[in-house]
Amino acid sequence: MLDLVPAPGAAAWAPPAQGHYPLGRDTALFAHPGTEGVAHWLRATVGAATGLPLADGTDAGRDGNRIELRIDPETGQELGPEGYRLVVDGYLVLIEGGGPAGVFWGAQTLRQLLGPDAFRRAPVDPARQWSVPMVAIEDRPRFAWRGLMLDVARHFMPKDGVLRYLDLLAAHKLNVFHLHLTDDQGWRIEIERHPKLTETGAWRPRTKYGHRASGLWTETPHGGYYTQDDIREIVAYAAQRHITVVPEIDIPGHSQAAIAAYPELGNTDVIDTTLSVWDTWGINPNVLAPTDNTLRFFEGVFEEVLGLFPSAFVHVGGDEALKDQWRRSPAAQARIKELGLADEDGLQSWFVRHFDTWLTARGRRLIGWDEILEGGLAPGAAVSSWRGYAGGIAAARAGHDVVMCPEQQVYLDHRQHGGPDEPMPIGYVRTLEDVYRFEPVPTELTPEEARHILGTQANVWTEVTENQSRVDYQTFPRLAAFAEVAWSDLPAPAERDFAGFEARMAAHYRRLDALGVDYRPPGGPLPWQKRPAPGGDSAALGRPIEGTPPNV
């Protein structure tokens with residue numbers, strides 16, 4: 001009815017039927033206690049786009065043209081802290097939320113009701129008369145964790161691009177931003193006690209072009225990192241939009257950038273200690289040494305991370321840690337014997353459990369990719385299930401909380417079409433409709449087990465997305481479909497109204513246009529994405545690969 005994305009729980013025309021409530025320079029904005037931040041956001045974004053001042057309301061103007069923001073305990077009891085009611089009638093625009101976040105999501109819906117020009121940064125027609133359709137909307141999210149993971153390690157995204165993505169998440173009512181900060185190809189966060197992590201670990205001399213089988217490199221050095229003040233700014237900007245930033249420091253695998261900076265972190269009894277930051281993709285054989293020195297080093301790293309990120313969860317990776325070096329390392333084998341462990345899987349479990357205990361003692365919770373289940377997992381740890389549904393099912397049945405992000409459904413770096421013109425066609429083909437029919441809760445779980453599904457997350461790995469436009473192309477419009485899956489109470493996948501969603505997307509594409517998003521058009525790739533690869537044949541570079549690239 002209203003072309004809203006994600007679809008609200010309930011919406012109806014308010015009397016008078018299909019009328020509109022005008023907004024003008026005299027429209028006052030009443031921010032009741034607890035909603036001041038939402039009022040600030042409305043003035044800074046909707047006010048800037050419309051040219052309306054949205055001045056503070058006073059009791060004397062309570063009968064005039066107005067927008068009111070209010071936290072309502074009854075709404076909170078019925079719809080939860082992120083639920084809201086938005087009513088536009090002949091008297092006012094009223095947004096009541098169960099908490100500040102609910103009021104904010106209601107404000108996002110109001111922005112959509114104003115039309116695509118409300119998503120611009122300045123008025124395109126200063127003389128325009130603005131109005132809102134008279135509606136009554138009641139809405140709340142299905143899941144508490146509605147996330148996007150962005151890999152800034154493979155290809156660095158400057159701070160302004162990260163802030164832009166936080167705005168895009170907020171526009172789609174997503175509330176978790178999982179920031180993949182470290183990997184073999186780069187370390188992206190300043191750690192003051194270990195300066196070489198960014199002096200050395202943030203830079204690589206060249207980069208593999210395309211997927212790992214291409215045989216091509218770009219010889220331009222690549223790198224970058226966020227200072228601690230950059231991180232503070234990102235976290236604060238996210239908090240203003242009711243988004244939690246979950247940091248990921250990947251251990252014990254995917255650590256070559258750290259080992260390049262501090263060689264003693266590696267298994268020095270079996271490897272070359274002059275490693276550089278990795279310049280290609282895939283699963284790296286270099287893993288951290290299971291020594292007390294390594295534990296103390298990363299405790300120091302996490303101490304600084306905790307000081308920057310207030311998130312309850314801290315992600316430690318834990319995926320794709322090859323054990324060959326531990327099998328060959330006399331020191332690692334001695335550690336296994338000393339600890340009374342069965343094998344190398346047990347050694348990784350010991351490593352993960354150490355940091356689970358360490359984080360728990362500081363009031364935080366560990367979360368990692370589903371490989372952390374191997375060898376046993378500490379009771380309080382949570383799991384990001386990426387290798388299909390199996391890890392999430394096993395974790396939930398064992399009593400662990402789970403975020404569902406299976407690669408076969410919600411890895412947005414995977415190709416969107418099976419045709420030869422799709423740029424960098426890696427992984428599974430996952431169309432807009434495929435993502436729309438994704439179901440985060442496995443049918444195999446009992447209702448009690450299903451309560452461990454915290455929510456869901458889409459992942460964007462950046463091996464083949466070297467700049468903001470490429471990230472946009474892979475992420476949108478599929479993130480809009482994912483957002484509806486995460487927010488709306490949809491029927492079973494086969495029963496979902498994808499045709500109706502596509503019809504609403506016709507309006508949503510205009511919003512994305514106003515936001516400057518380089519989304520994949522419904523008709524196919526953009527012309528610039530058919531350019532030949534440097535130093536080689538684009539067809540050879542971009543041949544489809546059935547299956548999947550490495551996770552991280």
Side-chain angles (χ1 to χ4, degrees), residues 4-9 38 41 45 80-84 97 99-112 119 139-152 157 161-180 234-248 309 311-313 315 367 384 402-406 409-413 432 435-436 438-440 453-461 471-472 474-490 501 504-505 508 511-512 515 517 519:
L4 298 175
V5 177
V38 181
W41 178 86
T45 54
E82 291 191 280
Y84 68 90
V103 178
F104 182 71
W105 303 130
Q108 291 288 350
T109 298
L110 173 62
R111 188 187 192 190
Q112 289 198 17
F119 288 79
D139 202 9
R140 66 176 174 183
R142 181 185 178 192
F143 294 109
W145 185 302
R146 308 180 303 280
L148 176 74
M149 189 230 64
L150 180 64
D151 168 17
V152 295
M157 180 176 284
V162 172
L163 300 179
R164 172 178 176 268
Y165 258 81
L166 289 169
D167 282 329
L168 293 173
L169 263 65
H172 292 83
K173 298 185 173 72
L174 299 173
N175 69 343
V176 175
F177 185 53
H178 172 174
L179 197 53
H180 183 78
I234 289 167
V235 169
Y237 195 84
Q240 291 169 355
R241 287 146 183 80
H242 297 275
I243 296 169
T244 299
V245 183
V246 175
E248 181 181 352
F309 295 91
S311 165
F313 287 94
H315 209 291
I367 185 169
S384 300
V402 178
V403 175
M404 294 301 302
C405 48
Q409 280 77 29
V410 290
Y411 268 37
L412 301 186
D413 49 307
L432 183 67
V435 174
Y436 191 69
F438 163 57
E439 172 49 49
I453 306 299
L454 297 176
T456 184
Q457 177 175 292
N459 294 338
V460 181
W461 303 102
V471 173
D472 279 5
Q474 293 302 127
T475 304
F476 290 96
R478 292 184 294 182
L479 190 68
F482 173 81
E484 186 147 311
V485 169
W487 176 277
S488 305
D489 190 12
L490 298 176
F501 174 74
R504 286 182 285 116
M505 281 300 296
H508 198 64
R511 298 178 192 125
L512 297 179
L515 288 166
V517 176
Y519 58 86

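Computed over heavy atoms, backbone and side chain alike; hydrogens, waters and symmetry mates excluded. Given the structure is predicted, the values throughout are model-derived calculations rather than measurements.
- Here the CD1-OG distance, from I367 to S311, works out to 9.0 Å after rounding to the nearest 0.5 Å.
- The CD atom of E248 sits 5.0 Å away from atom NE2 of H315, with the distance rounded to the nearest 0.5 Å.
- Nearest heavy-atom pair across L4 and R504 is O-NH1, 2.8 Å.
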Inset, instruction - For the pair W41 and R111, evaluate side chain to side chain contact (heavy atoms under 4.5 Å, CB included) and give the outcome as yes or no after the intermediate values. - result: CA-CA 11 Å; W41 178 86; R111 188 187 192 190; 3.9 Å; yes
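- Side-chain contact between P477 and L432 is present, with at least one heavy-atom pair separated by less than 4.5 Å.
- Taking the side chain as every heavy atom from C-beta outward, T45 and Q108 never approach each other to under 4.5 Å.
- Judged purely by atom type and a 3.5 angstrom limit, N175 uses its side chain to pair as donor or acceptor with the backbone of A144.
- For the atom pair L163 CG and M157 CE, the distance stands at 11.0 Å (nearest 0.5 Å).
- Checked by atom type, the side-chain pair Y84/T109 shows a donor-acceptor distance below 3.5 Å.
- No donor-acceptor pair closer than 3.5 Å links the side chain of E484 to the backbone N or O of P6.
- At least one side-chain heavy atom of Q112 sits less than 4.5 Å from a side-chain heavy atom of F119.
- In this view, D167 and R241 satisfy the salt bridge (Lys or Arg N to Asp or Glu O under 4.0 Å) rule, not counting sequence neighbours.
- In terms of heavy atoms, L148 sits closest to L479 at CD1-CD1, 3.9 Å.
- A donor-acceptor pair is defined here as one N or O able to donate and one able to accept, closer than 3.5 Å; no such pair exists between the side chain of T456 and the backbone of A486.
- Contact record, Y436 with V485: O-CG2, 3.4 Å, taken as the closest heavy-atom pair.
- Contact annotation: the side chain of T475 never approaches that of Y519 to less than 4.5 Å [non-hydrogen atoms, C-beta and beyond].
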Inset, instruction - Test V410 against F438 for side chain to side chain contact (heavy atoms under 4.5 Å, CB included), laying out the working first. - result: CA-CA 8 Å; V410 290; F438 163 57; 3.6 Å; yes
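- For W105 against A170, the heavy-atom pair with the smallest separation is CZ3-O, 3.6 Å.
- For the pair V5 and M505, the tightest heavy-atom approach, listed with the atom from each and the gap, is CG2-SD, 4.4 Å.
- One N or O on the side chain of R478 and one on the backbone of L412 form a donor-acceptor pair closer than 3.5 Å.
- Taking the six-membered ring where the residue is Trp, W145 and F313 present perpendicular rings, their angle passing 60° and hence far from 30°.
- Aromatic ring centres of H172 and W487: separated by at least 6.0 Å.
- In this structure, V246 and V176 have side chains that are in contact, with non-hydrogen atoms separated by less than 4.5 Å.
- Salt bridge annotation for R142-E439: present, with a cationic side-chain nitrogen under 4.0 angstrom from a carboxylate oxygen.
- The only option from Y237, F104, F177 that meets the ring pair (Phe, Tyr, Trp, His ring centres under 6.0 Å) definition with H242 turns out to be F104.
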Inset, instruction - In sequence, state the C-alpha distance, the side-chain angles, and the governing distance for H180 and W461, and then conclude on side chain to side chain contact (heavy atoms under 4.5 Å, CB included). - result: CA-CA 9 Å; H180 183 78; W461 303 102; 3.8 Å; yes
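- With rounding to the nearest 0.5 angstrom, the CE atom of M149 is 10.0 Å from the OG atom of S384.
- Here the closest heavy-atom approach between residue P440 and residue M404 is recorded as O-CG, 3.0 Å.
- Counted by atom type alone, Q457 and N459 present one or more donor-acceptor pairs between their side chains at under 3.5 Å.
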Legend entry - Chi angles and distances behind the side chain to side chain contact (heavy atoms under 4.5 Å, CB included) call for D472, Y165: CA-CA 9 Å; D472 279 5; Y165 258 81; 2.6 Å; yes
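- Of the charged side-chain nitrogens involved, none lies within less than 4.0 Å of a carboxylate oxygen, so that K173 and E82 do not count as a salt-bridged pair.
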